[in-house]
Colleague: 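The structure under discussion is supplied below as structure tokens; questions concerning it will follow.
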Amino acid sequence: MQPTATRRAARGGLDLGGTKIEAVVVDARNNVLASARRATPAKGGPVAVIAQLAGALTEAARSAGLEPAQLRGIGVGSPGIVDTTTGAVSSARNLPDWNGKVELGPALAEELGTAVFVGNDVQVATDGEFKLGAAKPYRSVLGVFWGTGVGGGLILNGKPWTGRGGAGEIGHVVVEIDGARCPCGRRGCMEAYAGRAAMEARARRRVEKGRKTILFTLMKERKRTRLTSSIWAQALQQQDKVATEIVDGAIRALGAGIATALNLLDVEAVVIGGGLGVRFGQPFADRIAKEMLPHLFNDEHPPIVRVASLGDLGGAIGASLLVRDSRHNRS
Ligand SMILES: [Zn+2]
């Protein structure tokens, strides 16, 4: 049990993903006191999602010996378009029945009895790596979150860059004109080659064409409904040809897309996170760095490419930083 003073300064963090919710409670020094994980409800809309977020946070708080209302505040990293002043979230197409604008922050604040601050999930995860993780030594950083989709976050000269609200969408940088169809509906985006969802669709098409792969056998054995990061990792370990080809293609696309962003921004460091990024680890971050080289204009000074160091809880820890930052900005 932590001393009372430490616990009084504790903050909550929630990472709302398309498949899972991670909750953490951290102390004033950002040490994780407790965490909890729940599945994102597949139905029931925002009401069900908000109940699950509150449940996960309450579980984490109680494991740390606290009630949610005793926390200094709670930060939430959410997909979609986030209004950081009101805590409203819209266009979260990865979330079930999330139609129009949902007052996520105010609803959670009422449920949990403390201040709630909402930010974009990828931006808060980048911020977490910048302040506490792999990007700590650098002033300008590109975060690339390689998971179901490919998200990006930017820190330029020490400050988050969100543009007009839509910056950092590195997954939709075009790596091939008239190329593969992206889950966003456009063509040739990096995510159409590197996103886990697009990779799975690609694997299914190869199976339909008669190719053999253990990917879907592993999926059935593990009673999963999708090809998770660990299934991809296992198939690679077993030198499955289809998996290897698709991951090689993903790494080439990431190399081209990230190098394109580098040619524009010339940041010092790239942090690779997300489900696939964290699972595959530094050897794959190194492969991405190698694939970037032929596309880098400033190829004598390639950026540092590191795998995210806060791991699976990085999004929730990054979200908890919103509490400190928001209070600071408001004071
Ligand atoms: Zn796209």
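Each ligand, and each atom within it, is numbered from 1 in the order the structure gives.
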Colleague: If the test is side-chain hydrogen bond (donor to acceptor under 3.5 Å, both in side chains), which one of R202, R252, E176 qualifies with Y193?
Modeller: E176

Colleague: Between atom CG of L53 and atom OG1 of T40, what is the distance when rounded to the nearest 0.5 Å?
Modeller: 7.5 Å

Colleague: Under 3.5 Å, is there a donor on one side chain and an acceptor on the other for T228 and R222?
Modeller: no

Colleague: Going by atom type alone, with no hydrogens or angles, which donor-acceptor pairs under 3.5 Å involve a side-chain atom of residues 213-221 and a protein atom two or more places apart or on another chain?
Modeller:
unit_1: T213; atom_1: OG1; unit_2: L215; atom_2: N; d: 3.0
unit_1: T213; atom_1: OG1; unit_2: D240; atom_2: OD1; d: 3.2
unit_1: T213; atom_1: OG1; unit_2: D240; atom_2: OD2; d: 2.8

Colleague: Does anything in residues 285-309 pair up under salt bridge (Lys or Arg N to Asp or Glu O under 4.0 Å), and if so which pairs, sequence neighbours excluded?
Modeller: D248-R287

Colleague: If you leave out waters, which protein N, O or S atoms are less than 2.8 Å from the Zn ion (ligand 1)?
Modeller: H172 ND1, C182 SG, C184 SG, C189 SG

Colleague: Go through the structure and list residues passing side chain to side chain donor-acceptor pair (under 3.5 Å) with E67, not counting sequence neighbours.
Modeller: R62

